[in-house]
Amino acid sequence: MAVDGVEEGLSFVDLALEGREPWRIARRFRAARGAGAARPGVVLLGGFKSDMLGSKASHLDAWAEAEGRAFLRFDYSGHGESSGRFADGTIGDWLAQSLAVFDASTSGPQILVGSSMGGWLALLMARRLAAAGRRLHGLVLIAPAVDFTQELIWNNADDEIRRAIIEDGAWLRSSPYAPEPTPITRGLIEEGRAHLMLGDVIRVDAPVHILQGMRDEDVPYRHALRLMDCLASDPVVLTLVMEGDHRLSRGEDLAHLTATIEALG
């Protein structure tokens, strides 16, 4: 379901936080129709340096159209069609933008689908919403990169990488998923420490289903097992995909994703 007045297709949400340059956040919304209006809406939170036109987003949009389900996707600042520089972004910024777009675009029960970094943001959002008495219908987390700035980058960085981040302000990280090196900034690492979740109980007051590839070299499946321990107070299911990599974007992976969403409601 969506808030009345939200335009279908591409539109923008303007957001300004104290001390920051205003952002113009691009979103694409598909309204529910027919029997789909009685089902929870679906909101996609993309990954680090990804955008809302990627394979998972496009697959979910086509599925939502066929099923009559409400579907919302958007780009964080510095990503895709939104304003801002990627190198200026932090977890706190992208969380604030996610909450603002969610509030401006949805009403009624919702399922958050978080991919990689989006899985971390989905959990942060769910916890924030639960604290305000707003319970989600469910979460589907795809290779959730919870605490990745600390656990997967900083803790695995050698002295040369840490020196580049601290003294130069950024380390340029190569990735097979990006055509150009990605800047890992000092701001991203240091601000990310305000949002760490592992090592404590994570309460989101909603069922969680995790999809994790066992051949994921970016977010190892043991990371998902550690997250499972923290989510023990909520209903949680972990599906390990034997041949799956980080993206989980093969045809069978995408079919499994939509089946998982449908099983939640």
Side-chain angles (χ1 to χ4, degrees), residues 12-27 44-52 54 73-103 112 114-128 141 143-200 202 218-220 223 226-227 246:
F12 296 87
V13 175
D14 293 317
L15 175 64
L17 298 181
E18 185 176 354
R20 304 304 303 273
E21 290 291 326
W23 295 299
R24 191 165 175 78
I25 304 302
R27 65 181 172 184
L44 176 65
L45 290 88
F48 189 61
K49 205 72 185 292
S50 67
D51 61 53
M52 62 175 165
R73 48 183 166 153
F74 62 96
D75 288 328
Y76 315 116
S77 62
H79 292 69
E81 297 168 283
S82 290
S83 69
R85 292 194 328 131
F86 175 82
D88 293 335
T90 64
I91 299 302
D93 289 345
W94 297 329
L95 173 60
Q97 294 159 17
S98 300
L99 286 164
V101 174
F102 183 86
D103 285 341
L112 296 186
S115 178
S116 193
M117 180 183 76
W120 184 8
L121 292 173
L123 288 169
L124 290 168
M125 279 184 65
R127 188 169 67 178
R128 187 79 61 88
L141 310 179
V146 179
D147 296 2
F148 80 93
T149 52
Q150 187 69 28
E151 297 292 335
L152 302 178
I153 296 180
W154 185 257
N155 289 353
N156 292 323
D158 59 25
D159 290 343
E160 182 178 352
I161 291 173
R162 291 187 178 190
R163 188 178 304 111
I165 292 172
I166 296 301
E167 297 180 5
D168 301 336
W171 164 56
L172 295 179
R173 179 194 186 199
S174 297
S175 168
Y177 307 120
E180 298 178 354
T182 300
I184 304 299
T185 67
R186 178 174 179 173
L188 177 72
I189 297 295
E190 293 184 344
E191 199 277 343
R193 291 175 180 142
H195 307 285
L196 301 180
M197 307 185 85
L198 297 177
D200 200 356
I202 301 172
D218 293 280
V219 182
H223 197 74
R226 185 177 174 192
L227 175 59
H246 182 61

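Numbers here are sequence positions counted from 1.
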Practice task
Could you tell me whether the side chain of Leu45 reaches within less than 4.5 Å of the side chain of Phe74, counting heavy atoms only?
Solution key: yes
Handout entry: Over all atoms of both residues, closest heavy-atom pair of Leu15 and Ala96
Key = CD2-O, 3.9 Å
Handout entry: Audit row: Ile202, Leu227, side chain to side chain contact (heavy atoms under 4.5 Å, CB included) steps and yes/no
Key = CA-CA 9 Å; Ile202 301 172; Leu227 175 59; 3.7 Å; yes
Problem - Distance, nearest 0.5 Å, that separates CZ of Arg73 from CZ of Arg27 - result: 13.5 Å
Handout entry: Trp154 side chain reached by Ile165 side chain, heavy atoms, under 4.5 Å
Key = yes
Practice task
Please identify each residue that fulfils side-chain hydrogen bond (donor to acceptor under 3.5 Å, both in side chains) with Arg20, with sequence neighbours left out.
Solution key: Asp93
Exercise for the section: Would you indicate whether Asp158, at its atom CG, is surrounded by more than 12 heavy atoms from other residues, nucleotides or ligands within a distance under 6.0 Å? Expected result: yes
Exercise for the section: Could I get the full list of side-chain hydrogen bond (donor to acceptor under 3.5 Å, both in side chains) partners for Thr182, not counting sequence neighbours? Expected result: none
Problem - Heavy-atom pair with the smallest gap, counting every atom of Glu151 and His223 - result: CB-CE1, 4.0 Å
Problem - Minimum heavy-atom distance Thr185-Ala87, with the two atoms named - result: CG2-O, 3.4 Å
Handout entry: N/O donor-acceptor pair under 3.5 Å between Asp75 side chain and Met52 backbone
Key = yes
Problem - side-chain hydrogen bond (donor to acceptor under 3.5 Å, both in side chains) against Ser77, all qualifying residues, sequence neighbours excluded - result: Trp94, Gln97
Handout entry: Residue pair Leu141 / Val146, side-chain heavy-atom distance below 4.5 Å
Key = no
Handout entry: Selection residues 160-173 - residue pairs positive for salt bridge (Lys or Arg N to Asp or Glu O under 4.0 Å), sequence neighbours left out
Key = Arg173-Asp218
Handout entry: Residues which pass salt bridge (charged side-chain N to carboxylate O under 4.0 Å, His left out) with Arg128, listed by chain and number, not counting sequence neighbours
Key = none
Exercise for the section: Report the distance from atom CD1 of Ile153 to atom CG of Asp147, rounding to the nearest 0.5 Å. Expected result: 11.5 Å
Exercise for the section: Show your working on side chain to side chain contact (heavy atoms under 4.5 Å, CB included) between Ile184 and Ile161 and close with a plain yes or no. Expected result: CA-CA 10 Å; Ile184 304 299; Ile161 291 173; over 6 Å; no
Handout entry: Gap between atom CG of Leu123 and atom CG of Leu112 - 0.5 Å precision
Key = 9.0 Å
Fill in the blank from the handout: Nearest heavy-atom approach of Gly47 to Ser116 is CA-CB, 4.3 Å
Exercise answer: donor-acceptor pairs, residues 186-193 side-chain atoms, under 3.5 Å, sequence neighbours excluded:
residue : atom : partner : partner atom : Å
Arg186  : NE   : Glu190  : OE2          : 2.9
Arg186  : NH1  : Ile166  : O            : 3.1
Glu191  : OE1  : Ile91   : N            : 3.4
Glu191  : OE1  : Gly92   : N            : 3.0
Glu191  : OE2  : Gly92   : N            : 3.3
Glu191  : OE2  : His195  : NE2          : 2.8
Arg193  : NE   : Gln150  : OE1          : 2.7

Practice task
Compute the centroid of each ring, for Phe48 and then for Phe86, and state whether the two points are separated by less than 6.0 Å.
Solution key: yes
Exercise for the section: Would you check if the side chain of Tyr76 reaches a backbone N or O of Ser82 as a donor-acceptor pair within less than 3.5 Å? Expected result: no
Handout entry: Side-chain touch Glu81/Asp51, heavy atoms, less than 4.5 angstrom
Key = no
